[in-house]
Amino acid sequence: MNTFKNPFPYSDSNKRYHTFDYYMRNNLSQKCARIPLDGGFTCPNIDGAKGVGGCIYCGMKNSPHTELSLKRQFEEGCKAAEKKWKACCKIAYFNSFTATYAPTERLRELFEEALSFPDVKGIIIGTRADCLSNETVNYLNELNERTFLLVEIGLQTVSDKIAEKINRRHSFEDFIKGYEKLKNIRKGVHLINYLPGESYEMMLENVKTVSSLKPALIKLHSLFVTENTMLYDMYKKGDVYIPPMDEYVSLVCDEIELIPPEICLGRLSGDAPRNKTVAPEWSLRKKTILNEIDKELLRRGTYQGFLCK
């Protein structure tokens with residue numbers, strides 16, 4: 001008989017970290033499914049406003065366009081979600097490229113349409129910190145007053161040296177300016193482990209620095225190499241280190257122990273396109289990665305925030 005009692009207060013399962021599922025149940029009192037939506041956005045680091053080609057791991061060189069209407073995307077996303085969960089509310093998830101990189105009126109059209117779909121209880125918007133105009137922030141504040149809103153900001157690293165190496169085209173100072181504009185809005189921050197040139201100590205510093213900003217959510221995943229990217233060219237030359245899975249699991253557990261328990265961990269592994277992923281092969285086995293993280297935390301007898309002062 002299993003007599004395990006989880007000492008971690010932010011979980012109603014055997015997870016020793018603050019899961020997205022728990023976070024959303026706590027906010028909306030029910031199971032929530034993120035429905036990915038593509039609003040046809042691009043990025044200032046793709047269209048030439050700040051650069052071309054995107055970050056070194058970006059596979060899209062031109063403006064993305066979806067052939068499906070927003071409504072059709074939502075319907076197909078719901079079908080996929082309902083195969084996993086029969087009863088759940090829906091969160092409109094604009095996670096394709098920079099989802100505030102458009103005139104505010106265009107954002108209003110897209111986001112209001114998404115919020116009008118059946119069972120949609122909120123919206124999550126992925127963006128860059130340098131794509132938050134004052135007008136857009138005013139609209140986001142308006143949204144925040146009447147629905148669940150989470151703005152996820154891609155940072156990837158706090159090191160300007162590493163950011164330059166990955167062709168990020170904005171500084172940590174730029175990130176802070178954008179982050180602080182979203183004063184009363186729930187914020188998430190994305191970080192990528194094992195960026196070229198980044199040491200173990202630097203990766204731990206990333207989570208410590210971001211945690212000190214007290215976001216609602218942090219997302220972590222390992223760097224993965226996909227075809228037709230600058231990173232792929234670097235990988236073929238032997239300029240990219242890809243860790244074995246056990247090393248990645250150990251690092252993530254070290255990071256989890258440093259992140260305050262009230263911060264939700266929205267992701268601990270990435271979702272690269274299966275047919276385009278070159279390395280690491282283990283990144284395609286998401287359930288295995290998460291299971292190994294669970295086992296390692298249990299083996300250590302630790303949990304999220306274990307090493308927080």
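Counting from 1, the numbers follow the sequence of the chain as shown.
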**Request:** Quick one: do Glu142 and Arg108 satisfy salt bridge (Lys or Arg N to Asp or Glu O under 4.0 Å)? Show the steps, please.
**Result:** CA-CA 11 Å; Glu142 177 193 323; Arg108 187 181 292 272; 3.2 Å; yes
Please tell me if the side chains of [X] and [Y] come closer than 4.5 Å, counting only heavy atoms from C-beta onward.
X      : Y      : value
Thr157 : Ile192 : no
Phe41  : Leu110 : yes
Tyr57  : Phe224 : no

Using only atom types and a distance under 3.5 Å, with no angle test, would you say the side chain of [X] pairs donor to acceptor with the backbone of [Y]?
X      : Y      : answer
Lys181 : Leu132 : yes
Asp294 : Lys15  : no
Arg16  : Phe8   : no
Gln304 : Ile263 : yes
Ser250 : Glu247 : no
Asn184 : Asn141 : no
Thr147 : Leu143 : no
Trp282 : Asp246 : no

**Asked** Quick one: is the NZ or CZ of Arg34 closer than 6.0 Å to the six-membered ring centre of Phe20, and within 45° of its axis?
**Response** yes
**Asked** Any luck finding a side-chain donor-acceptor pair between Asp174 and Ser171 under 3.5 Å?
**Response** yes
**Message:** Checking side-chain polar atoms at under 3.5 Å, does His18 have a donor or acceptor matched by the opposite partner on Glu262?
**Reply:** no
**Asp21 and Arg25 ion-paired at < 4.0 Å** = yes
**Request:** Using a strict cut-off of less than 4.0 Å between a Lys/Arg side-chain nitrogen and an Asp/Glu carboxylate oxygen, indicate whether Glu76 and Lys79 qualify as a salt bridge.
**Result:** no
**Message:** Is it the case that over 12 heavy atoms from other parts of the model lie below 6.0 angstrom from the CZ atom of Arg146?
**Reply:** yes
**Message:** Other residues, nucleotides and ligands only: do more than 12 of their heavy atoms fall within 6.0 Å of CZ on Arg285?
**Reply:** yes
What is the distance from atom [atom1] of [X] to atom [atom2] of [Y], rounded to the nearest 0.5 Å?
X      : Y      : atom1 : atom2 : answer
Gln73  : Ser96  : CD    : OG    : 8.5 Å
Leu223 : Tyr235 : CG    : OH    : 11.0 Å
Glu257 : Arg300 : CD    : CZ    : 4.5 Å
Leu268 : Ile218 : CG    : CD1   : 10.5 Å

**Request:** Give the C-alpha distance, both sets of side-chain angles, the deciding distance and a yes or no for salt bridge (Lys or Arg N to Asp or Glu O under 4.0 Å) between Glu292 and Arg299.
**Result:** CA-CA 10 Å; Glu292 291 301 313; Arg299 185 193 68 78; over 6 Å; no
